[in-house]
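Here the structure is a predicted model, which means the values were calculated and not measured. Indexing begins at 1, ligand by ligand and atom by atom, following the structure's order. Residue numbers run from 1 in the order of the sequence given.
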Amino acid sequence: MLNFDFQNPTKLMFGQGRIADIAGEIPKDARVLITYGGGSVKKNGVLDQVKTALAGYHLTEFAGIEPNPLYETLLKAVDIVKSEKIDFLLALGGGSVIDGTKFIACASCYQGDPWEIIFSRGTRINGALPLGVVLTLPAAGSESNHRAVVTRKSMNAKISFYSTEIFPRFAVLDPTITYSLPPAQISNGVVDAYMHVLEQYMTYPVNAKVQERFSEGLLLTLLEEGPKALADPLNYEVRSNIMLCATLALNGFIGSGVPNDWATHMVGHELTALYGIDHACTLAVLMPGMLKVQKEDKRLRLLQYAERIWGLKDGDEDAVIDAAIDKTRQFFETMQLKTRLSDYGLTAENIPEILEHLKKHDMVRLGERKNVTPEVVRKVLELSLQ
Ligand code: NZQ
Ligand code: ZN
């Protein structure tokens, strides 16, 4: 096992009705900015529940944080923070609203050009407003981690940054809030969480048995429960298990003490920035090619994955690995996601542009061995077309 530090300060408040408890987590004299997206929280009653829980507080609202939150939009919220003297942020949403609010938290305390926060990947952050979360979409894991991803439309750039300053203080995980998700977002969430586990598991063994088996437990749970959430959307137990999986998949634990990959995510961000493909959909498209191209580097772990997740172990090693990759693709398709770039109208002619953007964003040595260069990504993209 590799050396590591693990500290996750986010308080998880799990279960039905827990929004009622948030007042205990926010100072009574706080001036709170409630942030949300396009309005799902109005339709499903989450905003009303929050206002009831925070009766008597000084509340201001900022609506309209879009999926893949835009830098340009978030700066408007920073202006409100300053003019209204806001000192606590409360995000109601999925990864986009939470990530966007993390940026607002940092930019509100930053003296220079706020783009530097993102472009320096968080290293220049010099403080952040405290932030709480009511999670509405289990997927990104942003509710209890120190990452955020923001898009600057004018540059077609989608960039992640990191800081321990942006761990939310608390996150409400009420599975009933996810009942209103459209099927496409249920699918996105399950596949994104599955891919978060793979990015931290599908590398090379360092004898980290706890992290490996924890990861395998999350994968098996997502495989079992994902299709059930589509078939039986009001099933509380199913929604609970998916919600906890998504949070634990990216709260930092399973990636501690082990090599991390993240190449699929970095290439996926370029596909979202350039072509507007949903985050999880980019991952479903790239995963089979990424694993095939790195079969030798990942061989030992691919064989472990094939055996422990899919029960495949007899016969030719290469055939076993190929079957495990095919089964994973089939799972994503069962979750109703497409698994080929051509399904989104992309062709070989798009590849140079994608590679160009990776180079521009310094994404030229990806993966756990830092050997996923643009030339390797070219092969992945070629396979992802088929
Ligand atoms: O905007 P509203 O009206 O709220 O609708 C949203 C949005 O259209 C809707 N939705 C959310 N909860 C709902 C709901 N609709 C009905 N009922 C509910 N309960 O779902 C749509 C998508 O929301 P979004 O937040 O964009 O989805 P997701 O949670 O998948 O987040 C994606 C973003 O997270 C980033 C992605 O790159 C992307 O920008 N990620 C963040 C990470 C992190 N911070 O650690 C890691 C991830 O790998 C990922 O990169
Ligand atoms: Zn993701």
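Checked for salt-bridge contact, Arg340 and Asp343 miss the test: no charged N lies under 4.0 Å from a carboxylate O. Note on Lys209 versus Glu216: no salt bridge recorded, every NZ/NE/NH1/NH2 to OD/OE distance being 4.0 Å or above. Look at Lys153 and Glu72 and you find no salt bridge, because none of the NZ, NE, NH1 or NH2 atoms lies under 4.0 Å from a carboxylate O.
Residue contact check: Thr136 has heavy atoms under 4.0 Å from atoms 11 (C), 12 (N), 13 (C), 18 (C), 19 (N) of ligand 1. Applying the 4.0 Å criterion to heavy atoms of Ala139 picks out, from ligand 1, the atoms 29 (O), 30 (O). Residue Ile177 approaches ligand 1 through these ligand atoms, each under 4.0 Å from one of its heavy atoms: 19 (N). Close contacts between ligand 1 and His265 involve ligand atoms 48 (O) [criterion: under 4.0 Å to a heavy atom].
With a 4.0 Å heavy-atom cut-off, ligand 1 is reached by the side chain of Leu250 but not by its N, CA, C or O. Residue contacts with ligand 1, taken as heavy atom pairs separated by less than 4.0 Å, do not involve Lys43 at all. With a heavy-atom cut-off of 4.0 Å, Asn44 touches ligand 1 through its side chain alone. With a 4.0 Å heavy-atom cut-off, ligand 1 is reached by the backbone of Ala140 and by its side chain too.
Shown here are the protein N/O/S atoms lying under 2.8 Å from the Zn ion (ligand 2), water excluded: Asp192 OD1, His196 NE2, His265 NE2, His279 NE2.
Remark: among candidates Gly268, Ser96, Ala273, Ser40, the nearest residue to atom 32 (C) of ligand 1 is Ser96, based on non-hydrogen atoms. Looking at Gln185, Lys158, Lys102 and measuring to atom 22 (C) of ligand 1, the nearest heavy atom belongs to Gln185. Among Asn145, Thr178, Asp99, the residue whose heavy atom lies closest to atom 35 (C) of ligand 1 is Asp99.
At least one heavy atom of Pro182 sits closer than 4.0 Å to an atom of ligand 1. For the ligand labelled ligand 1, residue Gly93 lies outside the 4.0 Å heavy-atom shell. Using a 4.0 angstrom heavy-atom cutoff, Met195 does not count as in contact with ligand 1. The shortest separation from a heavy atom of Asn188 to ligand 1 is not under 4.0 Å, leaving the residue out of contact. The closest approach between any non-hydrogen atom of His269 and ligand 1 is below 4.0 Å.
When the side chains of ILVMFWY residues are joined at heavy-atom separations under 4.5 Å, either directly or via intervening members, Leu385 and Leu274 end up in a single hydrophobic cluster.
Aromatic ring centres of Phe331 and Tyr194 lie closer together than 6.0 Å. Proximity of the aromatic rings of Tyr275 and Tyr344 is defined here by a centroid distance below 6.0 angstrom, and this criterion is not met.
Within the 4.5 Å cutoff, the side chain of Asn371 has no heavy atoms near those of the Val376 side chain. Proximity of Gln200 to Gln211: side-chain heavy atoms (C-beta onward) are nowhere separated by under 4.5 Å.
For the side-chain contact (heavy atoms from CB on, under 4.5 Å) with Ile34, the qualifying choice from Leu47, Val134, Thr60, Val41 is Leu47, the only one to do so.
Using cut-offs of 30° and 60° on the angle between ring planes, the pair His196 and His279 is tilted. Ring orientation note: the planes of Trp310 and Tyr305 are nearly perpendicular, at an angle over 60° on the 30°/60° scale.
What sits closest to atom 8 (O) of ligand 1 on the protein, heavy atoms only, is Pro67 CG, 3.8 Å. Nearest to atom 47 (C) of ligand 1 among the protein's heavy atoms is His196 NE2, 3.4 Å. When only non-hydrogen protein atoms are considered, atom 29 (O) of ligand 1 lies nearest to Gly95 N, 2.7 Å.
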Atom pairs and distances, donor-acceptor, side-chain atoms in residues 168-175, under 3.5 Å, two or more places apart:
unit_1	atom_1	unit_2	atom_2	d
Asp174	OD1	Thr176	N	2.8
Asp174	OD1	Thr176	OG1	2.7
Asp174	OD2	Gly17	N	3.0
Asp174	OD2	Thr176	OG1	3.2

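In this structure, atom 6 (C) of ligand 1 has no protein heavy-atom contact shorter than 4.0 Å.
No more than 12 heavy atoms of other residues, nucleotides or ligands lie within 6.0 Å of CG in Asp5, so this atom counts as exposed by the packing criterion.
The side-chain tip of Lys76 does not point at the ring of Phe62 from less than 6.0 angstrom away and within 45° of straight on.
Between the CE atom of Met243 and the CD atom of Glu143 there is a distance of 7.5 Å, given to the nearest 0.5 Å.
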